[in-house]
2 protein chains.
Amino acid sequence: MFFSSELIKGTLKTIILKLLSENKRMYGYEITQTVKELTGDKIQLTEGALYPTLHALEAEGLLTTETEYIGKRVRKYYSLSKDGKTKSLEKVNEFADFISTMKFLLDIKTKTT
Amino acid sequence: MFFSSELIKGTLKTIILKLLSENKRMYGYEITQTVKELTGDKIQLTEGALYPTLHALEAEGLLTTETEYIGKRVRKYYSLSKDGKTKSLEKVNEFADFISTMKFLLDIKTKTT
DNA sequence: TTTAAATACATATGTTTCCTATGCATTAAA
DNA sequence: TTTAATGCATAGGAAACATATGTATTTAAA
């Protein structure tokens, strides 16, 4: 992980929910690759973190799954449930509020592009 | 804590180092109150998190301490060491980079004030 | 004046969250 | 043919923070 790993803590669920809100359905490996690409390798999700989190979100009723076979290889697709869609918005808003608070606290200036 | 507590994880050291970079010396209780005020009660540091972290930063050589008595009550002031000043800048920059990455990833718009 | 709240420190134990390591298996590329 | 990439999964451990508890002084409220 490019960032000291503590920083990522607490954001993984938010990242997953947000990606699924934009993609209808994604499988685990695809999520890791998408995050890697979008962040320029700065965030690389480990499987040991990703899969247990996906299972947890499913157990919470936020995700639904469908399994497909690509040749002989299994692929498990995840989609947002109705609750998952709501939760996705909540999580992103909460994070936006959090970074707003932290920027003020840490006196961080942002380039107005 | 106003924010779901996972979010704060990984930011506590950064917050402490930043505050001390602006205040020369502060004691533990003062840090909790300052953070509480600056964030409008959104971030309330618990003692069980704060004091062990202060001790850890001191053990890492980032903080120096001086104990004073206010009447009969002890008060322990913390200041940044030379390494602490360097680390403070590093941590704040890292966090700024992190939120920049996350804003892109989560597609969060910021008001250009 | 007594009691609650605020000030001020500290630590043991627990929980959450993520990482490391490992395992299995298929497919594509070197 | 063997390494890298694809694709899933879980056991065990580490890190970070919360909860709960403890001690003690000072101030404000009842």
Side-chain angles (χ1 to χ4, degrees), chain A residues 1-17 25-37 41-60 63 65-78 91 95 98 102, chain B residues 1-17 25-37 41-60 62-63 65-78 91 94-95 98 102:
Chain A
M1 201 82 79
F2 179 89
F3 296 113
S4 70
S5 60
E6 319 94 72
L7 282 182
I8 278 74
K9 290 199 183 184
T11 64
L12 182 53
K13 284 187 178 179
T14 307
I15 291 170
I16 293 172
L17 292 172
R25 66 175 202 169
M26 295 180 87
Y27 54 97
Y29 188 76
E30 187 184 11
I31 292 174
T32 65
Q33 296 310 302
T34 303
V35 170
K36 197 169 130 84
E37 278 168 34
D41 293 6
K42 286 181 183 173
I43 298 180
Q44 296 187 33
L45 304 184
T46 60
E47 295 164 298
L50 178 68
Y51 291 112
T53 302
L54 285 171
H55 301 162
L57 289 170
E58 190 184 1
E60 288 174 48
L63 303 185
T65 61
E66 33 183 347
T67 299
E68 284 184 18
Y69 279 88
I70 309 299
K72 287 178 182 173
R73 190 154 51 193
V74 74
R75 189 181 281 177
K76 200 167 166 187
Y77 283 98
Y78 291 88
K91 281 283 199 181
F95 190 75
F98 174 67
M102 286 298 291
Chain B
M1 202 83 76
F2 177 90
F3 296 113
S4 70
S5 62
E6 321 93 71
L7 283 181
I8 277 73
K9 289 198 183 186
T11 64
L12 182 52
K13 284 188 179 179
T14 306
I15 290 170
I16 293 171
L17 291 172
R25 66 175 203 172
M26 296 180 86
Y27 54 99
Y29 188 76
E30 186 184 12
I31 292 174
T32 65
Q33 297 310 303
T34 303
V35 169
K36 196 167 130 84
E37 278 170 36
D41 292 4
K42 286 181 182 173
I43 298 180
Q44 296 187 34
L45 305 183
T46 60
E47 296 163 297
L50 179 68
Y51 290 112
T53 301
L54 285 171
H55 300 162
L57 289 170
E58 188 184 2
E60 289 174 47
L62 302 176
L63 302 184
T65 62
E66 32 183 347
T67 299
E68 284 184 19
Y69 279 87
I70 308 299
K72 284 178 183 174
R73 187 155 53 191
V74 74
R75 186 182 283 178
K76 201 167 164 185
Y77 282 99
Y78 291 87
K91 281 283 199 182
E94 189 195 16
F95 190 75
F98 174 67
M102 286 297 293

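Lettering of chains follows the sequences in order, A, B, ..., and the numbering in each one begins at 1.
A/Gly48 comes within 4.0 angstrom of a base, heavy atoms only. When heavy atoms are screened at a 4.0 angstrom cut-off, A/Thr65 is found touching no nucleic acid atom at all. Nucleic acid contact class of A/Glu30 (heavy atoms, under 4.0 Å, all strands): none.
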Which atom pairs link the protein and nucleotides 25-27 of chain C when you take only N or O atoms and keep those under 3.5 Å?
unit_1: C/dT26; atom_1: O2; unit_2: A/Arg73; atom_2: NH1; d: 2.4
unit_1: C/dT27; atom_1: OP1; unit_2: A/Lys72; atom_2: N; d: 3.1

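Summary of the strand contacts: B/Tyr78 and A/Pro52 both lie near DNA chain C, and taking for each the nucleotide with the nearest heavy atom, the more 5' one is attributed to B/Tyr78.
Every residue meeting the side chain to side chain donor-acceptor pair (under 3.5 Å) condition with A/Glu68, not counting sequence neighbours, appears here in chain and number order: A/Arg25. The side-chain contact (heavy atoms from CB on, under 4.5 Å) search around A/Arg73 returns none, not counting sequence neighbours. Among residues two or more places apart in sequence or in another chain, the ring-ring contact (aromatic ring centres under 6.0 Å, His included) test is passed with A/Phe98 by B/Phe3. Checked against salt bridge (charged side-chain N to carboxylate O under 4.0 Å, His left out), A/Lys76 has no partners two or more places apart in sequence or in another chain.
Residues A/Met102 and B/Ile43 have side chains in contact (heavy-atom distance under 4.5 Å, counting atoms from C-beta outward).
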Would you mind writing out the side-chain donor-acceptor pairs for residues 51-60 of chain A within the sub-3.5 Å range, not counting sequence neighbours?
unit_1: A/Thr53; atom_1: OG1; unit_2: A/Ala49; atom_2: O; d: 2.7
unit_1: A/His55; atom_1: ND1; unit_2: A/Tyr51; atom_2: O; d: 3.3
unit_1: A/Glu58; atom_1: OE2; unit_2: A/Thr65; atom_2: OG1; d: 3.3
unit_1: A/Glu60; atom_1: OE2; unit_2: A/Lys13; atom_2: NZ; d: 2.8

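For A/His55, the listed nucleotide lying nearest its side chain is D/dT10; candidates were D/dA16, C/dA10, D/dT10. Of the candidate nucleotides D/dA15, C/dA8, D/dG7, D/dG7 has the atom nearest to the side chain of A/Arg75. Proximity note for A/Val74 (side chain, C-beta onward) versus C/dC19, D/dC8, C/dT17: the nearest is D/dC8.
In this structure, OH of B/Tyr51 is placed 21 Å from P of C/dT13, rounded to the nearest angstrom. The nearest whole Å value for the distance from the CE atom in A/Met26 to the P atom in D/dC8 is 11 Å. Straight-line distance from the CG atom of A/Leu7 to the P atom of D/dC17: 10 Å, rounded to whole Å. Between the CD atom of B/Glu47 and the C1' atom of C/dA6 there is a distance of 11 Å, rounded to whole Å. The CD atom of B/Glu68 sits 19 Å away from the P atom of D/dT25 (whole-angstrom rounding). For B/Lys13 and D/dA16, the NZ to C1' distance is 9 Å, given to the nearest whole Å. As rounded to whole Å, 11 Å separates atom P of D/dT19 from atom CD of B/Gln44. Atom-to-atom, CG of A/Leu54 to P of D/dC8 comes out at 9 Å; the value is rounded to the nearest Å.
Under 4.0 angstrom from either OP1 or OP2 of D/dC8 there lies no side-chain N or O belonging to A/Tyr27. Contact between the side-chain N/O atoms of B/Thr46 and the OP1/OP2 oxygens of D/dC17 is not found at any separation under 4.0 Å. The phosphate of C/dC19 (OP1 or OP2) has no side-chain N or O of A/Lys9 nearer than 4.0 angstrom.
Remark: side-chain polar atoms of B/Gln44 are paired, donor with acceptor, to backbone N or O of B/Asp41 under 3.5 angstrom.
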